[in-house]
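What follows is a single structure, written as structure tokens, with notes after it.
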Amino acid sequence: MKRNSLSVGNKIVQLSGAAKQPKVGFYSSLNQTHTHTVLLDWGSLPHHVVLQIFQYLPLLDRACASSVCRRWNEVFHIPDLWRKFEFELNQSATSSFKSTHPDLIQQIIKKHSAHLQYVSFKVDSSAESAEAACDILSQLVNCSIQTLGLISTAKPSFMNVSEHLTVVFINSKSLSSIKIEDTPVDDPSLKILVANNSDTLRLLKMSSCLHNFPQLPTGILCVADHCQGLRELALNYYILTDELFLALSSETHVNLEHLRIDVVSENPGQIKFHAIKKHSWDALIKHSPRVNVVMHFFLYEEEFETFFKEETPVTHLYFGRSVSRVVLGRVGLNCPRLIELVVCANDLQPLDNELICIAEHCTNLTALGLSKCEVSCSAFIRFVRLCGRRLTQLSVMEEVLIPDEDYSLDEIHTEVSKYLGRVWFPDVMPLW
């Protein structure tokens, strides 16, 4: 009788201790019994444990799991689970990503909009998706949004959403982060944003918003003047002005930590890029000496005339299209703060002298990426020798390196590894 009263777990312990040579299939049955025992305890997991598990699940899986039992359904409606949500809106015939179901959108707006703090919209190029995003925005009037993101996966992107953004900005009092891509936002909307969120705004990203401002962007100037806590800013070069830089350099403004500038041209010759005066750059760096100035260039070679003729305090520099030797030479002479350089293509003239110049003058350089360009093996080794072990990231495609009379491709990895102090090989695929 005593033996029969033992639990399944005790039986397992007894058997495992007594059987020195278990039969084939014993461990299989043991695992099945143990799994069955564990599964019986899932329904009694504490709320905070189930909550953490739910946070890793896609929304549809989370919804299915909520129907398992009453406890899991209670967790499904905990406000902490609805702080962050990404609305994916697309027309299935023209898009590859899965759209958020309309019924689910209405449920979120009805039951959880008051809990939303981190909201993003990911839409395709269709007008229907843009209209749906605008409709949702107009209904988010009772939530305390802290982060708002508008992301377009294709062009043309969002339609004019300024009216709907204005509604959100009027009703929000604690926005700290706004990321808007390929979306027109007018000056009045930005001024309303400042009026209600000047004490909380820390990040503003409008890097892909082309031609949405007049020549003097008063809305951005208003943000810089009144959002004294702004630490990260991402804009298109087209809307940068000397006045903006001076506003960011005022005594009352906190030190800027990150400034990203996208320099983009879709139609060669149609945009004339203005120059930022050296004294404006100097004022910014004097006020925020540790700011990372990140510049992404997507220009054609003939459009670089304005850039790098004077000292430019850029720290991270990315060339997404072909860039000439002349421009890279100016980078070496006029970018002393440069930390990272990525060249995705050039005019297939060897960059030997330009790389040496960069190594000699850009003494903070720690990362280099090269693709679709040419450098002789001798010049590349000299570049690495000049930089030494401060080169923590070195990603160079194998076809970039041109063998010469001093070094072959088989020898170059040994020499480079010696100066880097670690094993190094050229890449066969780009890593950036």
Side-chain angles (χ1 to χ4, degrees), residues 262-265 268 292-304 307-308 312 314-432:
D262 284 357
V263 193
V264 181
S265 172
N292 286 320
V293 180
V294 183
M295 299 187 75
H296 291 251
F297 281 87
F298 297 90
L299 301 183
Y300 297 92
E301 288 188 20
E302 62 270 20
E303 297 177 309
F304 279 98
F307 301 99
F308 308 117
T312 307
V314 61
T315 55
H316 300 73
L317 190 53
Y318 305 92
F319 293 103
R321 291 179 183 155
S322 181
V323 56
S324 68
R325 294 174 57 193
V326 174
V327 174
L328 289 175
R330 297 205 300 254
V331 168
L333 294 174
N334 295 316
C335 299
R337 298 180 76 239
L338 191 63
I339 295 173
E340 181 177 8
L341 173 65
V342 174
V343 179
C344 292
N346 90 314
D347 52 10
L348 294 183
Q349 297 176 354
L351 302 179
D352 295 6
N353 295 333
E354 290 70 29
L355 272 187
I356 300 304
C357 178
I358 290 171
E360 291 175 341
H361 294 88
C362 303
T363 55
N364 296 313
L365 189 71
T366 61
L368 176 70
L370 297 176
S371 175
K372 295 183 180 179
C373 55
E374 292 185 355
V375 180
S376 71
C377 288
S378 295
F380 182 68
I381 290 175
R382 185 182 173 192
F383 166 83
V384 176
R385 184 171 68 246
L386 288 169
C387 294
R389 299 192 179 189
R390 63 183 167 92
L391 275 178
T392 56
Q393 295 181 10
L394 186 59
S395 179
V396 178
M397 296 294 292
E398 188 175 56
E399 62 266 22
V400 168
L401 303 171
I402 308 302
D404 53 29
E405 58 184 11
D406 295 324
Y407 296 99
S408 67
L409 286 176
D410 294 331
E411 298 171 319
I412 194 169
H413 79 88
T414 302
E415 288 296 310
V416 172
S417 299
K418 178 176 67 176
Y419 293 117
L420 291 179
R422 64 181 187 274
V423 177
W424 180 87
F425 286 93
D427 297 325
V428 293
M429 293 185 65
L431 301 179
W432 56 87

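Just so we're clear, the structure is a prediction, and the values are computed from it rather than from any experiment. The analysis underlying the following values was restricted to heavy atoms, covering all of them including side chains, and did not include hydrogens, waters or symmetry mates.
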Which heavy atom in N364 sits nearest to a heavy atom in P336, and how many Å separate them?
ND2-O, 3.3 Å
What's the spacing between S371 OG and E399 CD if we round to 0.5 Å?
6.0 Å
Answer with yes or no after comparing the ring centroid distance for F380 and Y407 against a 6.0 Å cut-off, counting only values under it.
no
Under 4.5 Å between any side-chain heavy atoms of F308 and L317, yes or no?
yes
Is there a side-chain contact between C357 and L333 in this structure, where contact means two heavy atoms from C-beta onward sitting under 4.5 Å apart?
yes
Can you check whether S376's main-chain N or O pairs, donor with acceptor, with D404's side chain at less than 3.5 Å?
no
From E405 CD over to S378 OG, what is the distance, rounded to the nearest 0.5 angstrom?
7.0 Å
Would you compute the distance between atom CG of N334 and atom OG1 of T312 and round it to the nearest 0.5 angstrom?
6.5 Å
Do L394 and V416 come close enough that some side-chain heavy atom pair is under 4.5 Å?
yes
Within the distance-only criterion (no hydrogens, no angle test), does the side chain of R321 pair as donor or acceptor with the backbone N or O of A345 below 3.5 angstrom?
no
Assess whether side-chain contact (heavy atoms from CB on, under 4.5 Å) is satisfied between E301 and V326, documenting all intermediate values.
CA-CA 10 Å; E301 288 188 20; V326 174; over 6 Å; no
Measuring from atom SG of C377 to atom CG of D406, what distance do you get when rounded to the nearest 0.5 angstrom?
9.5 Å
Would you say that T366 contacts Q393 through its side chain, given a criterion of any heavy-atom pair below 4.5 Å between the two side chains?
no
Here the pair of heavy atoms bringing I412 nearest to L401 is CD1-CD1, 3.7 Å
Taking only residues at least two apart or on different chains, which pairs with a member in residues 416-425 satisfy side chain to side chain donor-acceptor pair (under 3.5 Å)?
E415-K418
Hey, could you give me the CG/SG distance between L355 and C373, rounded to the nearest 0.5 Å?
7.5 Å
Work out which heavy atom in L420 is nearest to a heavy atom in R389; give both atom names and the distance.
O-CG, 3.4 Å
For L341 and L365, work out which heavy atoms get closest and say how close.
N-CD1, 4.1 Å
Gap between atom NE2 of H413 and atom CD1 of I381 - 0.5 Å precision
11.0 Å
Are the side chains of F319 and V331 in contact, using a 4.5 Å heavy-atom criterion?
yes
Begin with the C-alpha distance, continue with both residues' side-chain angles, and end with the deciding distance and a verdict on side-chain contact (heavy atoms from CB on, under 4.5 Å) for I339 and H316.
CA-CA 6 Å; I339 295 173; H316 300 73; 4.2 Å; yes
For G320 and C344, the nearest pair of non-hydrogen atoms, with its separation, is O-CB, 4.1 Å
Please check this pair: side chain of R330 against backbone of V327, looking for a donor-acceptor N/O pair closer than 3.5 Å.
no
F383: which of L368, L351, D352 passes side-chain contact (heavy atoms from CB on, under 4.5 Å):
L368
What pair of heavy atoms forms the shortest contact from Y318 to E340, and how long is it?
OH-OE1, 2.9 Å
